[in-house]
Amino acid sequence: MRITKINVYQIDLPLHEGTYNWSGGKSVQVFDSTVVAIETDAGVTGHGEVCPLGPVYLPAYAAGARAGIRELAPALIGRDPTQLQKLNGVMDTTLKGHPYAKSALDMACWDILGKVTGQPVCHLLGGRYGDDFVLYRAISQEAPDVMAGKVAGYKAEGYTRFQLKVGADALTDIERIHAVRDKLDPTDVLVADANTGWLMHDAMRVVSAVRDVDVYIEQPCLSYDECLSIRRHTDRPFVLDESVDSLNMLMQGHADRAMDVVNIKISKFGGLTKARQARDLCASMGVAMTIEDSWGGDIITAAISHLAHSTPTDLLFTSTDFNSYVTVDFADGAPQRAGGRLAASTAPGLGVTPLADVLGEVAFEVQ
Ligand code: MG
């Protein structure tokens, strides 16, 4: 089987809540997502998606994803999409770095592999654990009482895990954590994600002030070393995200006992092939994971669902259903949240069929 053509689409994904705000005054109103369709000489087409969280979250931006795909695609024409490790090697020797640009292409090839073998991608990634898996809800940064109200609303919809966007003024963040925890039951899980937004002195004030609160602290500061320093001064459970983007960082974090949970985002590692490798390393080391991506719509939510559902349940801290945050549905068969839980499709591949009329015109094609 050979890749014959790669079509690339751009799609805008507005938010139901209108805006999503996190540390440092950063926000996004409309996500700019990129969808790829990889065609083969066997008549099978696979789909992938990449959607950065705006241009200032990770070193990734939407136009950069498309530029990277334009650079990579010619090297993939004529290659076998089902030989995924080899295909990733071709991408890595064609373009150094830029993992997010490779993510949608790798994802689409997993979709093809699933379709030609008649298997849902989660089976190929290791197997399906349980009937479904647990989600978190991200709570955009607002005034403490507004965030507490939103948490109460999403709790009523069935969510049991919440990730507060903090990383602003320390006193207000302390208020946010207390206001939200007061709305939750002891069985609910609360994460305060500073998204690198605190300097060390701010982070120290926050972790001291919430030492008696049942809350996880996520990525308090910009660098790994700063986070490690805070980690060594708090007994709250600790999550690393932005500063862990490679196998080397996972191994260093584990050796330093720098985290209890780590966030595996598919595009941060460069696609499902490499995210699976990271997932399996974490599983071997006994490190629990949040499995997700930076953002996305129906295809990314499907890809997340397959990686999360194929992760041993006790090691899956939580996951995400991004397609419930955005107003545009662009694929049939995408997983839909039931309460605070999600399940991967049982159909072959990712289990999604994009809607041509919603995707619109091809942005560019390579053949
Ligand atoms: Mg995070």
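We're numbering straight along the sequence, starting at 1. Counting starts at 1 for both ligands and their atoms, in listed order.
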request  = Take the angle between the ring planes of Phe31 and Tyr20 and call it parallel below 30°, perpendicular above 60°, tilted in between.
outcome  = tilted

Shortest non-hydrogen separation from Asp188 to Arg181 and the atoms involved = O-NH2, 3.1 Å

inquiry  = Using the rule ring-ring contact (aromatic ring centres under 6.0 Å, His included), only one of Tyr136, Phe133, Tyr216 pairs with Phe317; which is it?
reply    = Tyr216

Salt bridge present between Asp80 and Lys86 (N-O < 4.0 angstrom) = no

query = Is Glu242 close enough to the Mg ion (ligand 1) to have an N, O or S atom under 2.8 Å?
reply = no

query = What does the angle at the Mg ion (ligand 1) come to, between atom OE2 of Glu218 and atom OD2 of Asp241, rounded to 10°?
reply = 100°

task = Measure from the Mg ion (ligand 1) to every N/O/S atom of Asp193 and report the name of the nearest one.
result = OD2

